[in-house]
Engineer: 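The structure's right below; bear with me while I get my questions together.
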2 protein chains.
Amino acid sequence: MAFSLDPPVSREERGVVSPAVVLDTALTLFAERGYHGTSVKEIASRLQIRTPSLYNHMSGKQGLLQEIVGDTTREVWQDFVEVTAGIDGVEERLEKAVYVYALRHARRRREAIVVNRDVSSLEEPVLSEVLELRRRHEHAIRGLVQEGIDASVFADQPASLVSFAVLEMCVSIARWFHVDDRFSAEEVAKQYSLYALRIAKGDVPVKA
Amino acid sequence: MAFSLDPPVSREERGVVSPAVVLDTALTLFAERGYHGTSVKEIASRLQIRTPSLYNHMSGKQGLLQEIVGDTTREVWQDFVEVTAGIDGVEERLEKAVYVYALRHARRRREAIVVNRDVSSLEEPVLSEVLELRRRHEHAIRGLVQEGIDASVFADQPASLVSFAVLEMCVSIARWFHVDDRFSAEEVAKQYSLYALRIAKGDVPVKA
DNA sequence: CCTACCGATCGGTAGG
DNA sequence: CCTACCGATCGGTAGG
């Protein structure tokens, strides 16, 4: 799996400004105020440098957004492929796919918030690439649900509603989860993958 | 219930610009591009008037956002109170509370998108009022879940995770639902309230 | 409803 | 990494 903990690249710790530090600072501000609500001056100010110096470490504001949203979306699809490969049971595949997706939204909260709020601020060609990857992921989840319905493993119901509900439920984790909560990221992901199975299986009893 | 269909107040139909038409136009643009991504010039342009003329129909850009987000949030809380009043069964109360919340997000998509994306762009005192109302609604849903757990009607599990998952699943309807879809707003709301019961009841069988 | 205009801020560049 | 500066656009006002 392509997970790693959020890289704590801050100015204070490293002492110097670098492309990674600029990206991390922008990520925090974009998540807090949105892409259009963040100015390059604010990014510079937080790094205690002037605006023009920022351009030694980035191509521009739009480039930062493209890197954040593009990288994250590619990783989401990669996670799905890796975690469902070589598994027979459709129930187990859905459980694992939801688990990694939920886990990512607990571990990479800032990225998730920016991806979901500011995707429409992306310029081409990254916009089209990102939308295509998201569509592919949603269709893959929907396909799993439909496969389970066809095999009578899941309750007979509209697969599209199930996949939307399950995916967006996971996305929302980024909006309320805190590391210092009573639950770990893994516990939350485990619980949410259970919710997904409950929704999918419907009247079939699910062990808690 | 405080529902009505989305008021189709467009410039073309009414022929004249009014505060309601300006608000409706701003609502569409805010939903499409975000509050910070929309300029007052764009609002004016869509109404085929000049920017200064807009100020005959509004106090300012921030005032439009406050009206959209403030009104919607107050209605959400009012819906909850009205729909759960005088009902004994905790299961039925949760089902109805989720139904109206989901239904609103299918019927008032633009409002829902703006409320959830641009709430942080609100200025005081409306910001505090809105956050308090949202907190109250979330705690009320969580309270219902806990009440059901205590009564052994729902599975024993963290009530906070259930309430977050259920509420955000509903919020997301605004992002994918279209009136011309294969499902009506009522059908989607019905299905989502069923999902909520499945998550809450867990290992208890739920009739489809 | 308009023209004319305000100061502030935007992302970004020149040049060192 | 900086100062100095660019044209464009921002939300909003004056005055009619």
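Just so it is clear: chains get the letters A, B, ... in the order the sequence lines come, proteins before strands, and each one is counted from 1. For the numbers below, each heavy atom of this structure counts, side chains included, while hydrogens, waters and symmetry mates do not. These numbers come from a predicted model, not from an experiment.
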Engineer: Any chance you could list the contact pattern along nucleotides 5-16 of chain D? Use B for base contacts, S for sugar-phosphate-only contacts and - for none, protein heavy atoms under 4.0 Å, 5' to 3'.
Structural biologist: -----SSBBB--

Engineer: Any heavy-atom pair between the side chains of B:Arg93 and B:Glu147 that's under 4.5 Å?
Structural biologist: yes

Engineer: Would you mind checking if B:Glu186 and B:Lys190 are paired as a salt bridge, meaning a charged N to carboxylate O distance below 4.0 Å?
Structural biologist: no

Engineer: For B:Ala196, does its backbone N or O pair with a side-chain atom of B:Glu95 as donor and acceptor, under 3.5 Å?
Structural biologist: no

Engineer: About how many Å separate NE2 of A:His36 and OG1 of B:Thr38, when rounded to the nearest 0.5 Å?
Structural biologist: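 Reported to 0.5 Å precision, the distance equals 8.5 Å.
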
Engineer: For B:Arg50 and C:dT3, is the shortest distance between a side-chain N/O and OP1 or OP2 below 4.0 Å?
Structural biologist: yes

Engineer: Which one is paired to C:dG15, where only Watson-Crick or G-U wobble pairs with both distances under 3.5 angstrom count?
Structural biologist: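 Because both required distances fall under 3.5 Å, C:dG15 counts as paired with D:dC2.
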
Engineer: Would you call A:Arg135 and A:Glu138 a salt bridge, taking side-chain N to carboxylate O under 4.0 Å as the test?
Structural biologist: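 Looking at A:Arg135 and A:Glu138, the cut-off is not met.
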
